[in-house]
Structures are given as structure tokens and as C-alpha cells.
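Since the structure comes first, as C-alpha cells, the remarks are kept for the end.
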Amino acid sequence: MIFADRREAGRRLAGALRHLRHRDPVVLALVRGGLPVAFEVAEALAAPLDIVLVRKIGAPWQPELAVGAIVDGDRPEIVTNPDVMRMVGASQDYVEDEARRQLAEIERRRALYLQGRERVVVKGRTAIVVDDGVATGATTRAALHAVRRQGPARLVLAVPVAPADTLEALSGDTDETVCLDTPVPFGSVGAYYTDFRQVSDDEVVGYLDRARGEGPG
């Protein structure tokens, strides 16, 4: 399955999530790439939209390969992938040092994106965590752990595309998983989009403004 862009993927994903419309949903996007997808889901479900700030911890000399991730919160959480750490020779000290650097970027983004706005309440609601796709699952697992700590009644992972084995590995972290396509073999997430350009900071702010009725429709 090939998606034209993230927003088209979001519209398709929303169709598979209709059963949650009356379950008091809140939609939580992994930024930046997950936000255009999540925006469409939130619109379709008439649900509030918020973000999860998570940063990948890349392997030494291979930053696109995730050895772990760190996610924003009252207690920032580091989730690691021990198999990848062993494969690339990344030590725990390396992961912790890199996590501190990524946390600084999370703080920058928090100030820029949220601009003092109150966060959406997750406790007791159906929390739908949305991204544009999943590859290794490190950033996704970190996000799910952070959202689970907020006490949702139900935790759902919703993505347009992901490898089946990664979703299986994440199944213990969710109450439900919705994915439109699990191609075999699996390439990079971007391979399943015609337009997979980077989402800018300005676009993130624009989506959040529109979701709150503060920007142009």
C-alpha cells in the first residue's frame, strides 16, 4: 500500500478507527512526522489533539539506526533496544549521554510547539498514539510507556504502516493496535509514501493551532 502523503494516510487510518469515536478518545501524535496523520484522525473522531515529544537515540556513526529513545514527561523515560546496542557496540554510558542531548532538543520543541498551552487530559480516556509508521519500534515504545503513565482507560497504537514483527513486539505495550499495512519485506517507512518530505516546526505549530480552533481552517 502506497500513501500519497501523511494526510491521506491519516484519512485512511481514521476510517479504521471509527469504532473508537464514542470511547472518549484523545489523539496523541509523535512529532514531527506523526502530526499530519494524527490531525486527520482527530478531525474524523472529533477528538482533541496533543503531541508526544520523543527523540530517537541513534547508533554511533549511524544516527538513523535507533539504539533507543527518550520521551518527554515529568520523569523523562529512556527505552533501549539491547539487541541493536550489542550489534553496534553502544554502551549504556553512550546511551545516557546521547539521551541528555536529545532531551535538550525536546525542551526546545516543547517551548516552540506548545507555547504555554495546557496539555490535553489523558487520564481515564482512550488514548490513541499515532505516527506515520513504525520501523524498529524504539521511539514508539518510549511514547507508549510515557502515555501509559498518564493513566488512560485504553491505550491504542495507530499507524498506517509497520513490520508485523515489530507490532508483535509492541503488543504488550498496548491494549489495541491498528495498522493498515504490514508489508513483507519491510523497507523504510518513507518507501510507502509518495510525498515523505520533512514536517517543519512551523507546520507543527499550524496543525496544533488549527486543532484548537486558533488558526485558519
Side-chain angles (χ1 to χ4, degrees), residues 3-14 17 25-58 63-64 66 69-77 99-123 125-135 138-140 142-147 149-150 152 156-161 189-190 193-217:
F3 305 101
D5 55 23
R6 292 179 177 90
R7 292 192 64 176
E8 192 234 352
R11 289 190 288 273
R12 291 200 200 182
L13 189 59
L17 293 165
V26 55
V27 178
L28 303 166
L30 274 73
V31 293
R32 291 178 291 197
L35 191 51
V37 184
F39 178 83
E40 297 294 336
V41 172
E43 287 275 289
L45 299 184
L49 175 66
D50 209 338
I51 58 176
V52 181
L53 291 164
V54 58
R55 293 286 293 174
K56 175 170 57 182
I57 299 171
E64 290 307 309
I70 182 167
V71 65
D72 180 40
D74 295 333
R75 293 178 290 118
E77 179 157 351
R100 282 190 286 272
R101 285 191 286 273
Q102 296 302 334
L103 188 58
E105 174 62 13
I106 284 175
E107 292 299 328
R108 182 194 75 81
R109 292 188 180 196
R110 187 216 304 265
L112 177 62
Y113 298 161
L114 299 177
Q115 300 176 10
R117 297 186 185 95
E118 289 188 10
R119 307 302 299 267
V120 172
V121 174
V122 171
K123 185 176 177 63
R125 308 182 72 170
T126 297
I128 307 172
V129 175
V130 177
D131 203 356
D132 54 14
V134 177
T139 54
T140 307
L144 291 170
H145 285 192
V147 174
R149 286 206 311 259
Q150 298 179 53
V156 180
L157 171 64
V159 292
V161 63
V189 171
Y193 288 84
T194 302
D195 177 359
F196 198 66
R197 63 185 177 82
Q198 187 175 41
V199 178
S200 71
D201 286 342
D202 285 345
E203 287 176 295
V204 170
V205 174
Y207 280 118
L208 293 174
D209 283 347
R210 290 168 62 190
R212 292 169 171 84
E214 299 169 2

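Owing to the predicted nature of the structure, the values given are computational and were not obtained by experimental measurement.
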Requested in this report: Could you go through the side chain to side chain contact (heavy atoms under 4.5 Å, CB included) check for Asp50 and Arg212 one step at a time?
Outcome: CA-CA 10 Å; Asp50 209 338; Arg212 292 169 171 84; 4.0 Å; yes
Report task. Check the pair Arg125, Val120 against side chain to side chain contact (heavy atoms under 4.5 Å, CB included), reporting the backbone distance first and the verdict last. Result -> CA-CA 11 Å; Arg125 308 182 72 170; Val120 172; 4.0 Å; yes
Requested in this report: In sequence, state the C-alpha distance, the side-chain angles, and the governing distance for Val199 and Asp132, and then conclude on side chain to side chain contact (heavy atoms under 4.5 Å, CB included).
Outcome: CA-CA 11 Å; Val199 178; Asp132 54 14; over 6 Å; no
Query - Candidate pair Asp131 and Val52, rule side chain to side chain contact (heavy atoms under 4.5 Å, CB included), full reasoning - result: CA-CA 10 Å; Asp131 203 356; Val52 181; over 6 Å; no
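Scanning for ring-ring contact (aromatic ring centres under 6.0 Å, His included) contacts around Tyr193 gives Phe3, Phe196, with sequence neighbours left out. Not counting sequence neighbours, the partners of Glu8 by the salt bridge (Lys or Arg N to Asp or Glu O under 4.0 Å) test are Arg12. Looking at residues two or more places apart in sequence or on another chain, you find a side chain to side chain contact (heavy atoms under 4.5 Å, CB included) between Asp201 and Arg32, Arg108, Leu112, Tyr113. Under the side chain to side chain contact (heavy atoms under 4.5 Å, CB included) criterion, Thr194 pairs with Ile2, not counting sequence neighbours. Annotation: side chain to side chain donor-acceptor pair (under 3.5 Å) contacts of Arg110 (sequence neighbours excluded): Asp72, Glu107. Under the rule for a salt bridge (Lys or Arg N to Asp or Glu O under 4.0 Å), the partners of Arg197 that lie at least two apart in sequence or sit in another chain are Asp195, Glu203.
Here the closest heavy-atom approach between residue Pro48 and residue Ala42 is recorded as O-CB, 4.5 Å. For the residue pair Pro152 and Val147, the shortest heavy atom distance occurs at CD-O, 3.3 Å. The two residues Val31 and Leu53 have their closest heavy-atom pair at CG2-CD2, 3.5 Å. Contact detail for Ala99 and Ile70: the closest heavy-atom pair is O-CD1, 3.7 Å. The shortest non-hydrogen separation linking Leu28 to Val122 is CD1-CG2, 4.1 Å. What you find for Arg6 and Pro36 is that their closest heavy atoms are CB-CB, 3.8 Å.
Put simply, the side chain of Leu45 reaches to within 4.5 Å of the side chain of Ile128, judged on heavy atoms. Counting only heavy atoms from C-beta outward, the side chains of Val26 and Val121 never approach each other to under 4.5 Å. In this structure the side chain of Leu49 never reaches within 4.5 angstrom of the side chain of Arg210, judged on heavy atoms. Between Val205 and Gln115, some side-chain heavy-atom pair lies under the 4.5 Å cut-off.
Here the CG-CD distance, from Leu13 to Glu40, works out to 10.5 Å after rounding to the nearest 0.5 Å. With rounding to the nearest 0.5 angstrom, the CG atom of Leu144 is 12.0 Å from the CZ atom of Arg149.
Considering Ile51, Val130, Val129 in turn, Val129 is the only one that fulfils the side-chain contact (heavy atoms from CB on, under 4.5 Å) rule with Leu30.
When the shell of 6.0 Å around CD of Glu118 is examined, it contains 12 or fewer heavy atoms from other residues, nucleotides or ligands.
A salt bridge between Glu105 and Arg109 is present, with a side-chain N of the basic residue lying under 4.0 Å from a carboxylate O of the acidic one.
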